[in-house]
Amino acid sequence: MADGETAVAEAGRDFIRDIVHADLDAGRHSSAVTRFPPEPNGYLHIGHAKSICLNFGIAGEFGGRCHLRFDDTNPTREEQEFIDAIERDVRWLGFDWGKHLYYASDYFERLYEWAEHLIRTGHAYVDDQSQEAMRIARGTLTEPGKNSPFRDRPVEENLDLFRRMRAGEFPNGARVLRAKIDMSSGNINLRDPVLYRILHAHHPRTGTKWSIYPSYDYAHGQSDAIEGITHSICTLEFEDHRPLYEWFLEHLPVPSKPRQYEFARLNLTYTVLSKRVLTTLVRDGHVKAWDDPRMPTIAGLRRRGVPPSAIRDFVKRIGVAKANSVVDANVLDFSIREVLNKTAQRRMAVLRPLKVVIENYPEGQSEELEAVNHPDDPAAGTRKVPFGRELFIEQEDFMENPPKKFFRLSPGAEVRLRYAYFITCREAVKNATGEVVELRCTYDPATKGGNAPDGRKVKATIHWVSAAHAKTAEVRLYNPLFARPDPTAGENFTDDINPQSLEVLNSVKIEPALAADPSAEPVQFERLGYFAPDPDSTPAHPVFNRTVGLRDTYAKVAASEAKGR
RNA sequence: UGGGGCGUAGCCAAGUGGUAAGGCAGCGGAUUUUGAUUCCGCCAUCCCCUGGUUCGAAUCCAGGCGCCCCAGCCA
């Protein structure tokens with residue numbers, strides 16, 4: 001499969017690529033250098049995939065490089081587990097940062113020196129105000145803020161205090177270093193933003209070396225400048241941080257001048273892409289783990305069986321723009337089917353078994369029939385499928401009193417068993433409660449392989465599995481994690497959780513070839529959908545995840561029929 | 001008159017003065033040993049609104065309206 005390969009140049013046109021193109025044409029840069037800057041405080045999700053494909057994609061298309069840089073400026077919420085998971089997920093998506101793996105913490109010393117530079121040039125000061133006092137003095141959206149009483153401290157005093165902050169002389173929250181910009185700015189980010197705060201915390205990379213940590217605003221742009229990033233791409237909410245981003249670059253002796261551009265983050269129907277919510281879902285056990293197949297995380301999608309190329313295809317389809325939008329989850333499903341239809345081999349499995357006895361098939365006899373592995377790819381070859389007197393078919397492929405447009409089995413009806421024979425239903429056997437528990441059928445020996453010599457047609461072909469040869473498996477069916485297309489990401493998001501997001505089937509009957517195949521490749525269960533083995537699988541107990549179902553136009557027909565009655 | 005951004009079909013999204021790309025969804029039809037796939041066809045007289053400029057405007061100008069983001073020592 002091509003998924004293991006590094007993804008290259010999956011171009012598209014968008015305003016950011018247009019900018020990069022123009023910059024190269026104008027000779028402002030000789031190549032595009034971008035970065036993907038996750039904070040290691042959670043797992044990557046499909047929204048991050050959009051950013052990853054954008055950043056790595058542009059670097060690949062414009063002969064540059066993309067750095068993986070961990071934005072690890074807040075040790076109170078960052079963990080090594082997340083660093084490892086992020087690397088694994090970016091790599092799995094098909095991207096390679098080569099030797100360009102960086103951490104904002106790599107630059108702590110330099111950032112510190114630059115902070116002293118700002119103090120010396122009168123552009124930063126140590127503020128002793130309480131957090132509460134600072135909040136009040138910041139003003140509101142419509143009223144200007146007030147200058148801090150510490151704003152005009154002498155340079156030497158600022159330097160002394162700042163050094164002592166670094167030395168760990170003060171408790172958390174006692175003081176901060178602030179940029180001296182404009183407390184009356186309409187842009188609140190410019191009202192003397194905090195550059196450093198005191199945090200006596202253990203950092204995954206620097207341990208206890210530091211007791212002060214730089215803020216995102218102070219660290220990000222300078223990290224970009226140090227790495228020679230040409231185009232620093234982020235999401236819309238950072239748009240009004242851009243003036244601050246540029247302010248630092250103007251007031252510091254940075255080695256390069258990156259430019260920041262913003263695009264709209266991804267939103268998906270029936271999905272919440274908020275790290276806070278995803279973290280809570282895991283922490284409170286609404287899902288099993290970060291890689292639960294119901295999660296929109298890269299790890300969850302991977303476990304569900306989604307190929308990385310499908311995620312890349314999805315990202316290409318949705319485009320990049322500045323308008324807030326919500327993408328229909330159908331687009332993702334479409335991309336998944338698009339890839340899997342071409343790559344997944346076909347097998348037969350019966351999710352909800354209904355026993356069928358072929359009355360005119362000799363008892364104790366069995367035979368092997370040939371089935372193709374992929375209808376559009378002869379190179380995929382064929383396999384043998386055992387057939388016998390007792391079979392299992394799908395419960396929903398039989399109806400005792402079928403509506404007009406139901407073409408499958410019903411008393412007296414004839415259908416084709418895929419790759420096998422035509423069978424006709426003679427009788428439905430019921431139990432004491434009236435449930436159909438077994439079908440008595442006859443087969444036409446002349447239709448072996450699925451074609452009638454007399455040319456007669458059947459209106460349906462159904463899948464089946466030989467009872468004597470079938471293995472039993474567990475199948476996990478997934479439905480959207482949220483019941484509403486527009487679930488809230490607010491405090492009460494649990495109200496919108498779909499109670500039917502997981503359905504476990506324990507007596508799924510699978511053909512022998514499926515149980516024997518040790519590969520972890522996704523397969524198509526014919527007429528049902530795409531399924532991938534779960535890591536919980538053992539040879540004695542196979543477990544499959546439904547990645548995505550097949551398009552089901554009959555479901556629509558049935559629904560409209562039902563409505564019409 | 002706090003600042004910043006956005007508004008093209010049900011959902012994404014091209015288009016940047018010359019008379020509305022493409023995709024998803026939907027709807028018809030053909031093919032089909034998966035009611036799958038594939039293949040054909042349909043789907044915005046109109047681009048948030050109102051004026052204006054122009055031979056000509058989704059694109060330019062003016063004025064409105066709507067939605068999103070910002071008041072963390074989070075990112």
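None of the values given here were measured: they were computed from a predicted structure. Atom set for the values below is all heavy atoms of this structure, side chains included, hydrogens, waters and symmetry mates excluded. Chain A is the first sequence line, chain B the second, and so forth, proteins listed ahead of strands; every chain is numbered from 1.
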### Task
Any strand is fair game: report the nucleotide pairing with B:G63 by Watson-Crick or G-U wobble, both distances under 3.5 Å, or none.
B:C49
### Query
If we take the P atom in both B:U45 and B:A9, what is their distance in whole Å?
11 Å
## Note on the structure
Considering only heavy side-chain atoms of A:Glu39, the closest of B:C73, B:G7, B:A75 is B:A75
### Query
Which nucleotide sits closest to the side chain of A:Arg135: B:G72, B:G4, B:A75?
B:G72
For nucleotides 36-42 of chain B, give me every protein contact, N/O to N/O, under 3.5 Å, one pair per line with atom names.
{"from": "B:A36", "atom 1": "OP1", "to": "A:Thr553", "atom 2": "OG1", "distance (Å)": "2.8"}
{"from": "B:U37", "atom 1": "OP1", "to": "A:Arg551", "atom 2": "NH1", "distance (Å)": "3.4"}
{"from": "B:U37", "atom 1": "OP2", "to": "A:Arg551", "atom 2": "NH1", "distance (Å)": "3.1"}
{"from": "B:U37", "atom 1": "O2'", "to": "A:Asn341", "atom 2": "ND2", "distance (Å)": "2.9"}

### Query
Among A:Phe162, A:Trp114, A:Phe108, which one satisfies ring-ring contact (aromatic ring centres under 6.0 Å, His included) with A:Tyr196?
A:Phe162
#### Entry: For B:C39, the Watson-Crick or wobble partner whose two distances fall under 3.5 Å
B:G29
### Message
Work out how far the P atom of B:C61 is from that of B:C73, and round it to whole angstrom.
### Response
38 Å
### Query
What distance, rounded to whole Å, do you find between the two P atoms, one in B:G23 and one in B:U37?
16 Å
### C1' spacing across the pair B:U34 / B:C42, given as an integer number of angstrom
27 Å
### Task
Take atom CG of A:Asp328 and atom P of B:C24, then tell me their distance rounded to the nearest Å.
12 Å
### Task
Check the distance between B:C74's P and A:Phe82's CZ and give it to me in whole angstrom.
18 Å
### Message
From OH of A:Tyr125 over to C1' of B:C73, roughly how many Å is that when rounded to an integer?
### Response
13 Å
### Query
CZ of A:Phe406 versus P of B:G35: gap in Å, rounded?
11 Å
## Note on the structure
As its Watson-Crick or G-U partner within any shown strand, both distances under 3.5 Å, B:U19 has none
### Nearest-Å distance for atom pair CG/P, residues A:Asn187 and B:C70
13 Å
### Task
Mark yes or no for a side-chain to base donor-acceptor pair under 3.5 Å between A:Arg408 and B:G35, with no hydrogen or angle criteria applied.
yes
### Query
When you compare B:G66 with B:A75, how far apart are their P atoms, in angstrom units rounded to a whole number?
35 Å
### Query
In whole angstroms, how far is the C1' atom of B:G72 from the CD atom of A:Glu132?
13 Å
### Task
Searching all strands shown, indicate the nucleotide that pairs with B:A9 (Watson-Crick or G-U wobble; both distances under 3.5 Å).
none
### Query
Are A:Tyr245 and A:His241 close enough that their ring centers fall under 6.0 Å?
no
## Note on the structure
Taken to the nearest 0.5 Å, the spacing of A:His463 NE2 from A:Glu394 CD works out to 3.5 Å
### Task
Sticking with atom C1', work out how far B:A21 lies from B:A14, rounded to a whole angstrom.
6 Å
### Summary
To the nearest angstrom, the NE2-C1' distance between A:His241 and B:G5 comes to 13 Å
